[in-house]
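First comes the structure, then the notes that go with it.
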Amino acid sequence: MDGTGLYLYGVVRPGRRLPAALCGVGAPPGELRLVTARSTAAVVSDAPAGLRARRRDLPAHWDLLLALASGGRPVLPMGFGSVAPDEQTVRERLAAAEPWHLESLERVAGRLELNVKAAVSDDGLEALMREDPQVRRLRDELHRDPGYVASIRLGETVAAGLGRRARHAAREVMDDLAALAVASAEGPAAPDSVRSTSFLVDARRQDAFRAVAERLAARHRDAVVLRVSGPLPCYSFVTREAPAPASRTATRTG
């Protein structure tokens, strides 16, 4: 990027007070301000020259979004690296997307996003041995006739069984947690987890949600390990706006 234009952090309501202790991306850090169009406003700073996903800039973007969203205050977060050419373009895009932005701001007001990842538990082998006759049979065969092929077969069967138990427990956990949330959204699969689900939770119920997650983690500890992350900016629960006309340069504003 050549340092022209505006760097975009998120969409908020007009008149929103910005965190005084935080600055934007770039070196020196960009000064934050609002660009307003009718019923919505974009949090922006001047776009720095040569913007990259540097160690300082990524946390600056993320920390600002966390501060804007703290306590369930509504903000529609943008991904790192969103840039518009000028204020007029930002105002035009805000005006065009106003219905979608207002809907999303209302949806996340007073709420926050918590993510729960479920991974295979290393403590599940004993339970798997008790429950799965095929695993017991392969274990006994390996004891009687040790060998590389038998060892591989047992390892693959154990891994598949542990994964199956983890997925089953994760499904029960996520269903129970969904009852405490306003909405839920499945995340992409990851190598270190069998399931990743984000929950939109009333800010006042965050502690209750975490307490239930801890009890569920203890109940299913021989099948799955749970990790709760957040509060997070509500990326997973922002209503997507209509695409910009093909004749215009697309500028992401929510």
(message) How close do Ala37 and Leu94 get, counting heavy atoms only, and between which atoms?
(response) CB-CB, 3.9 Å
(message) Just to verify, what does Ala96 make a side chain to side chain contact (heavy atoms under 4.5 Å, CB included) with, not counting sequence neighbours?
(response) Arg93
(request) Give the cluster check for Leu102 versus Val12: same hydrophobic cluster or not, with ILVMFWY residues linked at side-chain heavy-atom distances below 4.5 Å. (result) no
(request) Kindly determine whether Leu34 and Val43 satisfy side chain to side chain contact (heavy atoms under 4.5 Å, CB included), including the steps that lead there. (result) CA-CA 5 Å; Leu34 292 178; Val43 182; 3.7 Å; yes
(request) Keeping to residues at least two apart or across chains, list the ring-ring contact (aromatic ring centres under 6.0 Å, His included) pairs with something in residues 181-210. (result) Phe199-Phe209
(request) With sequence neighbours excluded, tell me which residues meet side chain to side chain donor-acceptor pair (under 3.5 Å) with Arg210. (result) Gln206
(message) Just to verify, what does Arg33 make a salt bridge (Lys or Arg N to Asp or Glu O under 4.0 Å) with, not counting sequence neighbours?
(response) Asp46, Glu87
(message) Hydrophobic clusters here meaning ILVMFWY residues chained together by side-chain heavy-atom distances under 4.5 Å, can you tell me if Leu162 and Val224 are in one?
(response) no
(request) Using side chain to side chain contact (heavy atoms under 4.5 Å, CB included) as the criterion, list what pairs up with Glu106, not counting sequence neighbours. (result) Arg13
(message) With a 4.5 Å cut-off on side-chain heavy-atom distances among I, L, V, M, F, W and Y, is there a chain of contacts connecting Val201 to Val182?
(response) no
(request) Could you tell me which residues satisfy side chain to side chain contact (heavy atoms under 4.5 Å, CB included) with Glu214, sequence neighbours excluded, listed by chain and number? (result) none
(request) Output every pair passing side chain to side chain donor-acceptor pair (under 3.5 Å) with a member in residues 112-122, not counting sequence neighbours, ordered by first then second residue. (result) Glu113-Ser198, Glu113-Ser236, Asn115-Lys117, Asn115-Ser196, Asn115-Ser198
(message) Please find the pair of heavy atoms, one from Ala84 and one from Val90, that lie closest to each other, and give the distance.
(response) CB-CG2, 3.5 Å
(request) Quick one: closest heavy-atom pair of Ala118 and Leu226, and the distance? (result) CB-CD2, 3.8 Å
(request) Write down the atom of Val194, the atom of Val120, and the distance for their closest heavy-atom approach. (result) CG1-CG2, 3.8 Å
Validation: residues 61-81 side-chain donor-acceptor distances under 3.5 Å, sequence neighbours left out:
{"residue": "His61", "atom": "ND1", "partner": "Tyr7", "partner atom": "OH", "Å": "2.8"}
{"residue": "His61", "atom": "NE2", "partner": "Met78", "partner atom": "O", "Å": "2.8"}
{"residue": "Ser70", "atom": "OG", "partner": "Ala67", "partner atom": "O", "Å": "3.0"}
{"residue": "Ser70", "atom": "OG", "partner": "Arg73", "partner atom": "NH2", "Å": "2.5"}
{"residue": "Arg73", "atom": "NE", "partner": "Ser70", "partner atom": "O", "Å": "3.1"}
{"residue": "Arg73", "atom": "NH2", "partner": "Ala67", "partner atom": "O", "Å": "2.7"}

(message) Run the side chain to side chain donor-acceptor pair (under 3.5 Å) test against His220 and tell me which residues pass, sequence neighbours left out.
(response) none
Donor-acceptor contacts, no H, no angles, side chain residues 168-181, under 3.5 Å, sequence neighbours left out:
{"residue": "His168", "atom": "ND1", "partner": "Arg171", "partner atom": "NH2", "Å": "3.0"}
{"residue": "His168", "atom": "NE2", "partner": "Glu172", "partner atom": "OE2", "Å": "3.0"}

(message) Can you list everything that forms a side chain to side chain donor-acceptor pair (under 3.5 Å) with Ser45? Sequence neighbours excluded, please.
(response) Tyr9
(request) Would you confirm whether Arg107, through its side chain, and Ser104, through its main-chain N or O, come within 3.5 Å as a donor-acceptor pair? (result) no
(request) Determine the minimum heavy-atom distance between Asp86 and Leu6, stating which atoms define it. (result) C-CD1, 3.9 Å
(message) Quick check against the 3.5 Å criterion: does Arg165 have a side-chain atom that pairs as donor or acceptor with the backbone of Asp222?
(response) yes
(request) Using the test side chain to side chain contact (heavy atoms under 4.5 Å, CB included), find all partners of Asp207 that sit at least two apart in sequence or belong to another chain. (result) none
(message) Around atom CD of Glu31, are there more than 12 heavy atoms from other residues, nucleotides or ligands closer than 6.0 Å?
(response) no
(request) Check Thr197 against Ser184 and note the closest heavy-atom contact, atom names and distance. (result) CG2-CB, 4.1 Å
(request) Taking the side chain as every heavy atom from C-beta outward, state whether Leu112 and Leu232 have any pair of such atoms under 4.5 Å apart. (result) no
